[in-house]
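Beneath this line is the structure, given in structure tokens, with notes to follow.
A, B, ... follow the sequence lines: proteins, then strands. Residue 1 opens every chain.
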There are 2 protein chains.
Amino acid sequence: MSKYPDSLERLIQELKKLPGIGRVSAERLAFHLLSQSDERISGLSQALLEVKEKIRLCEICFNYAEEEHCKICKDTARDRNILCVVSQPHEVLKLEKTSEFFGLYHVLGGLISPVNDISPSDLHIEELLFRLQNSEIKEVILALDPKVEGEATSMYLARQIRPLGTKTTQLAHGVPVGRDLEFADEITLGKALRGRVSI
Amino acid sequence: MSKYPDSLERLIQELKKLPGIGRVSAERLAFHLLSQSDERISGLSQALLEVKEKIRLCEICFNYAEEEHCKICKDTARDRNILCVVSQPHEVLKLEKTSEFFGLYHVLGGLISPVNDISPSDLHIEELLFRLQNSEIKEVILALDPKVEGEATSMYLARQIRPLGTKTTQLAHGVPVGRDLEFADEITLGKALRGRVSI
């Protein structure tokens, strides 16, 4: 029998499922939450439900959006001649923070990975090629993880894009090789954007 | 303008209010949560609401409970001759984990602190004295933080309990002095329980 009231134990179990949260941290968070006002708790609870309810993928670029199109696709001030391809939606925000890129994005939704059974048809590659054929995009920057799967996906994309005549570049290897893109700091990522090279 | 959709930004803000969670951790948690199933998210959201809805304080000892009386007060196997006084409900669970105490508890709800404007009447001291006068309790263990406020509260309680003739002890100073009780490990706390001394 747990020493905790059932509902408290349940909350601890739920919190323990979060990344980087162990049993002790989960207990500490639960006790902290218990000591908060009803308003504060329902604020967090509501925010959780709303985010799942409201967030969907932009129909153009597959970035997170609350409407048909994301904030970036709808922004008329963005440069529509240049497109940056990333693997996941949170990488868009990482690149936005560098303040070095003012074009549009395209989120693949993953990387080609035979090991994990992810083939090109599982990603938004067809939609990318369609965009390139039906828009004023003059350059595509491939900003994928500088690891095996990212490089392989970049190579695959470069081969697919070449016949369309769109200039294709990738991030300069200012990004430390062998690590996930999300761990790069803004300055390194900014330098990598400025020093991008043709492939 | 935040680069994040509004509902995502709101979730990040809510997560940032948790202890030990900064902006970067909050973003990471939010993205993790976004990638989870609807079921998983509503599980966490429900657990949060339920804990606030269901958890109340035991009418006898002021520990966390889901009914009138907490699991410990209802447990007929507990030793009703001995009572342990703690400041907060989560300290009950910390002491339970030592497996060295099988009596009952009484949660004060804080410590006497003139600086923070907490006087004896703000705590469940009257209820403690009433319990001692109307039960078979033969010993009271004061398990309060070994810091200024805890020591002062122990002294105050010892003075109040003395006329009732109940034996009063406090945790042995195996507990490292000058730190919060919740940071003590189970073994140290167990030793402190066994080596408790009369005051």
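With respect to chain A, the highest number of heavy-atom pairs below 4.5 Å among Leu48(B), Val24(B), Ile12(B), Leu33(B) belongs to Leu48(B). Taking Arg28(B), Glu27(B), Arg40(B) one by one and counting their heavy-atom pairs under 4.5 Å with chain A, the maximum is reached by Arg40(B). The greatest number of non-hydrogen atom pairs below 4.5 Å with chain A, out of Ile55(B), Leu15(B), Asn63(B), is found for Ile55(B). For the set Gln13(A), Lys52(A), Glu67(A), Lys54(A), the entry with the most heavy-atom pairs within less than 4.5 Å of chain B is Lys52(A). Counting heavy-atom pairs closer than 4.5 Å to chain A, the top residue among Ser42(B), Ala47(B), Ser45(B) is Ser45(B). With respect to chain A, the highest number of heavy-atom pairs below 4.5 Å among Val92(B), Leu34(B), Ile21(B) belongs to Leu34(B).
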Determine whether Leu171(B) and Leu144(B) satisfy the following criterion, side chain to side chain contact (heavy atoms under 4.5 Å, CB included), listing intermediate values before the conclusion.
CA-CA 8 Å; Leu171(B) 291 184; Leu144(B) 304 176; over 6 Å; no
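Between the side chains of Ser7(B) and Glu50(A), not a single donor N or O lies within less than 3.5 Å of an accepting N or O.
With respect to the salt-bridge test (charged N to carboxylate O, under 4.0 angstrom), the residues Glu127(A) and Arg131(A) do not qualify. Between Lys94(B) and Glu100(B) there is no salt bridge, since no side-chain nitrogen of the basic residue lies less than 4.0 Å from a carboxylate oxygen of the acidic one. With respect to Glu96(B) and Arg78(B), a salt bridge is recorded, a charged nitrogen being found less than 4.0 Å from a carboxylate O. Between Glu66(A) and Lys74(A) there is no salt bridge, since none of the side-chain N atoms of the basic residue sits less than 4.0 Å from a carboxylate O of the acidic one.
Atom CG of Asn116(B) is surrounded by more than 12 heavy atoms from other residues, nucleotides or ligands within 6.0 Å. For Asn134(B), the CG atom sits in a packed shell: over 12 heavy atoms of surrounding residues, nucleotides or ligands are nearer than 6.0 Å.
With a threshold of 4.5 angstrom between heavy atoms, Gln36(A) approaches chain B through N, CA, C or O but not through any side-chain atom. With a 4.5 Å cut-off on non-hydrogen atoms, Lys97(B) touches chain A through its side chain but not through its backbone. Both the backbone and the side chain of Leu11(B) come within contact range of chain A, with heavy atoms under 4.5 Å apart. For chain B, the nearby part of His32(A) is the side chain; its heavy atoms alone come within less than 4.5 Å. At a 4.5 Å heavy-atom cutoff, the contact between Leu93(A) and chain B is made by side-chain atoms alone.
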